[in-house]
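Throughout, numbering of the chain's residues begins at 1 and tracks the sequence. Every value quoted in this text rests on a predicted model; they were computed, and no experiment measured them. All values below were derived from every heavy atom in this structure, side-chain atoms included, with hydrogens, water molecules and symmetry-related copies excluded.
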Amino acid sequence: MTTTPTTSAAPAAPEPPGERAAGAAPRRRTRILALSEARWALAALALFLTALPPYLLGAPAWLWGPLFAAVYVTGGWEPGLEGLRALRDRTLDVDLLMVAAALGAAAIGQVLDGALLIVIFATSGALEAVATARTADSVRGLLDLAPATATRLLPGGAEEDVPAGELAVGDTVLVRPGERIGADGRVVAGESEVDQATITGEPLPVGRRAGDEVFAGTMNGTGALTVRVERDPSQTVIARIVRMVEAASETKAPTQLFIEKVEQRYSIGMVIATLAVFGVPLLLGEELRPALLRAMTFMIVASPCAVVLSTMPPLLSAIANAGRHGVLVKSAVVMERLGRVDTVAFDKTGTLTEGTPRVTELRPLPGSGLAEDGLLALAAAAERPSEHPLARAVTGAARERGLPLPGATGFTAAPGQGVSAVVGGRTVRVGSPARILPPGTGPVHATVRELEEAGRTAVVVLRDGNPVGVLGIADRPRPDATAAVAVLTGSTGRPPVLLTGDNERAAKRLAAQVGITDVRAGLLPQDKAAAVQAWERQGRKVLVVGDGVNDAPALAAAHCGVAMGEAGSDLALETADAIVVRDELAAVPAVVELSRAARRLVIQNLVIAGTFIAVLVAWDLIGTLPLPLGVAGHEGSTVVVGLNGLRLLRETAWKNASAEGLR
């Protein structure tokens, strides 16, 4: 079958809590049965399964014959038509050859073999059509991140709702709390915190005030912002991500399975040889029936069924084994490609890290009279009514320690500054050091500097206006991140690279923890894709591991893309070639080694299949190969390579792949 680029479909994944909760529009997915290829393949499979029992039980031909004929029609007309179109363009492909081989098998009584071949190829074509449709769905779904309308401010102070696509550079828009920002621009009034994870990958919302840049599709927090539009809607960062994913999907070289690389030569050679086996004896005076029988026997024994099965069972078995261990590989092409990677690039937030901020440091100040638990309980009591990610981190840490929280009243929240509440009759403020601390060089400032230099987000706790402690909050590395980095370094011969939109200080701190030395921080989505494309131009086979919308262009541009599935964005899941459903980073090197094992089995099978074909063809040409023996030899080779490929279904295959990666 002719293959298509594999930046394609993800199986239906659990809805990511982060982006879906943020108000993303429902996904627009093409229904599988809306595709004609899928409907015809399903019909062919159903007819084949209906015809098989009476055929095997020896029922009369009138019972199973029409059903098999219907299999040939429903499953073969589309690949046959594509093959004829290719022939019109002076190209001979396996589609036409497979249909011809199936019809030839039927012509000499091997109806079951031909029908099975038709079903396999129809199913493969349907999977390709689904993959292509899902890629288009994911790109269209990305546009849903940007709001359909925006509130434009008129010169007199009036407001009007307009389609976001009609905004022009210089317009001023009002972004209310909880709304998505409708255009790329600059804040001219107001103050708030904006969740920019879809664009930069930063794990925490960032404060935005007058003079700061904001991006379309990002989520505003609790404050109102007035934004002056600085980019045309067609040039926003989110629109450019759409174009980059589309362009990368289109320009990514069409991938082929190993055997398909010799498709043209094999197809042309087999057709010419079959015609010669039929025509030359006729010219030498042989009768029509023996010549036709010899030619049909030649077509059967030389047909690439065993060669095709040499490739598919090992790769499909590897896919099934990986699926049992939480890795969804989207196609046999992807499984083959994974074993060829020699460079790995990781995203940071949600990939190497857990993607959730957690309290990592508790620093009560001298003279505060508080221990660590007392400081945490005081901060958590004040933060409990807040929905801010940092507040959730503080209250979550208190719950983990089982701390009883005192009641709080008079809760207020100031965007970008923090919260305030009355706890135990005393006013408690929790917030950003830059906003609630006066300038100075006291102990609290020293503690804040120490935490920030270590890559933590510092949160100050004030009681009645006096600082009593500082909390350090950070996104923790995944427990298996260090081991995965080490294994991939040994497997590929190069240490992985960190590509992140987060700040350089936080990126380098994480890289040092997990063993990465090459760090590229502060990258926008196009910067990540450009880095991957530069490596690809150097001849590298790049594996990108990410989870967010901002990773999608790099995932699409890479030789292979793997998405972390538990909290991955819809676009990343659709664009990636494989998905780690359980978010176990150690599964990435394991599936790479499993792919390499599959490729070794493919080569073994090709040698076996080629040997069978060579022996049977020589027998048919030099002597007289009885048709039943030819069919038996052909089917025997198919069974042998099929069983050999199924070895990768065993549990030990995954264990061996994991162990191989550790060497």
message: Looking at every heavy atom in both Val229 and Ala183, which two are closest together, and how far apart are they?
response: CG2-CB, 3.9 Å

message: Going by ring pair (Phe, Tyr, Trp, His ring centres under 6.0 Å), name the residues that satisfy it together with His325, two or more places apart in sequence or in a different chain.
response: Trp654

task: Mind running side chain to side chain contact (heavy atoms under 4.5 Å, CB included) on Glu354 and Asp475 for me, showing each step along the way?
output: CA-CA 7 Å; Glu354 296 174 346; Asp475 185 10; 4.2 Å; yes

- request: Go through Ser595 and Met335 one step at a time and tell me if the side chain to side chain contact (heavy atoms under 4.5 Å, CB included) criterion holds.
  value: CA-CA 6 Å; Ser595 169; Met335 180 55 77; 3.7 Å; yes

- prompt: So, does Glu191 use its side chain to make a donor-acceptor pair with the main chain of Gly223 at under 3.5 Å?
  reply: no

- prompt: Checking Arg520 side chain against Leu499 main chain: does a donor-acceptor pair fall under 3.5 Å?
  reply: no

- request: Working to the nearest 0.5 Å, report the span between CG of Leu462 and CG of Leu437.
  value: 6.0 Å

query: Which atoms form the tightest heavy-atom contact between Pro496 and Leu488, and what is the distance?
result: CG-CB, 4.3 Å

message: Looking at Gly211, is its backbone amide N or carbonyl O close enough to the side chain of Arg186 to form a donor-acceptor pair, meaning the two atoms are under 3.5 Å apart?
response: yes

query: If you round to the nearest 0.5 Å, how far is CZ of Arg208 from CG of Asn220?
result: 11.5 Å

message: A side-chain contact here means heavy atoms from C-beta on lying under 4.5 Å apart; do Leu585 and Val580 qualify?
response: no

Residue Arg228 excluded, over 12 heavy atoms near CZ under 6.0 Å: no

- prompt: Do Ser420 and Arg429 have side chains that get closer than 4.5 Å, going by heavy atoms?
  reply: yes

- prompt: If only atom types and distance count, is the side chain of Asp577 paired as donor or acceptor with the main-chain N or O of Val334 below 3.5 Å?
  reply: no

field: Gly472 backbone acceptor or donor facing Thr360 side chain under 3.5 Å
entry: yes

message: Does any part of the side chain of Thr482, heavy atoms only, come nearer than 4.5 Å to the side chain of Gln513, both counted from C-beta?
response: no

message: Nearest 0.5 angstrom please: Asn321 CG to Leu594 CG, how far?
response: 5.5 Å

message: Side chains of Leu370 and Arg463, heavy atoms from C-beta outward: is any pair under 4.5 Å?
response: yes

message: side chain to side chain contact (heavy atoms under 4.5 Å, CB included) for Leu352 and Val485? Distances and angles first, verdict last.
response: CA-CA 9 Å; Leu352 285 174; Val485 168; 4.3 Å; yes

field: Derivation of the side chain to side chain contact (heavy atoms under 4.5 Å, CB included) call for Leu225 and Val194
entry: CA-CA 10 Å; Leu225 297 175; Val194 177; 4.0 Å; yes

query: Taking all non-hydrogen atoms of both residues, which atom of Arg340 and which atom of His559 are closest, and how far apart?
result: CB-NE2, 4.0 Å

field: Heavy-atom pair of closest approach, residues Arg231 and Glu213
entry: NH2-OE2, 3.3 Å

message: Can a donor-acceptor pair be found, under 3.5 Å and without considering hydrogens, that links the side chain of Ser368 to the backbone of Leu365?
response: yes

message: Within this structure, what is the CD-OG1 distance for the pair Glu361 and Thr447, rounded to the nearest 0.5 Å?
response: 10.5 Å

- prompt: Looking at CG of Asp547 and CD1 of Ile579, how far apart are the two atoms once the value is rounded to the nearest 0.5 Å?
  reply: 12.0 Å

Please tabulate, for the side chains in residues 391-406, all donor-acceptor contacts under 3.5 angstrom to protein atoms that are two or more places apart in sequence or on a different chain.
residue: Arg392; atom: NH1; partner: Glu387; partner atom: O; Å: 2.4
residue: Thr395; atom: OG1; partner: Ala391; partner atom: O; Å: 3.0
residue: Thr395; atom: OG1; partner: Arg392; partner atom: O; Å: 3.2
residue: Glu400; atom: OE2; partner: Arg358; partner atom: NH1; Å: 3.4
residue: Arg401; atom: NH1; partner: Asp373; partner atom: OD1; Å: 2.6

field: Carboxylate-amine/guanidinium proximity below 4.0 Å for Glu504 and Lys508
entry: yes

message: Under 4.0 Å between a side-chain nitrogen and a carboxylate oxygen: does that hold for Arg449 and Glu452?
response: no

message: Main chain of Thr351, side chain of Arg478: is a donor-acceptor contact present, judged purely on distance under 3.5 Å?
response: yes

message: I want to check something: taking the side chain as every heavy atom from C-beta on, are Thr226 and Leu174 in contact at a cut-off of under 4.5 Å?
response: yes

message: If I compare all heavy atoms of Val460 with all of Ile436, which pair ends up nearest, and what's the gap?
response: O-CD1, 3.7 Å

query: Under 4.5 Å between any side-chain heavy atoms of Trp535 and Val497, yes or no?
result: yes

query: Ignoring hydrogens and geometry, is there a side-chain-to-backbone donor-acceptor pair from Arg180 to Gly217 under 3.5 Å?
result: yes

- request: Report yes if the side chains of Lys528 and Val532 come closer than 4.5 Å at any heavy-atom pair, otherwise no.
  value: no

- line: Between the CD atom in Glu651 and the CG atom in Asn656, the distance rounded to the nearest 0.5 Å is 10.0 Å

- prompt: Looking only at atom types and distance, does a side-chain atom of Asp342 sit under 3.5 Å from a main-chain N or O of Gly493, one as donor and one as acceptor?
  reply: no

message: Would the distance check show the side chain of Asp184 and the main-chain N or O of Phe215 forming a donor-acceptor pair, the cut-off being under 3.5 Å?
response: no

message: Tell me the closest heavy-atom pair linking Leu362 and Val359, and the distance in Å.
response: CD2-CG1, 3.9 Å

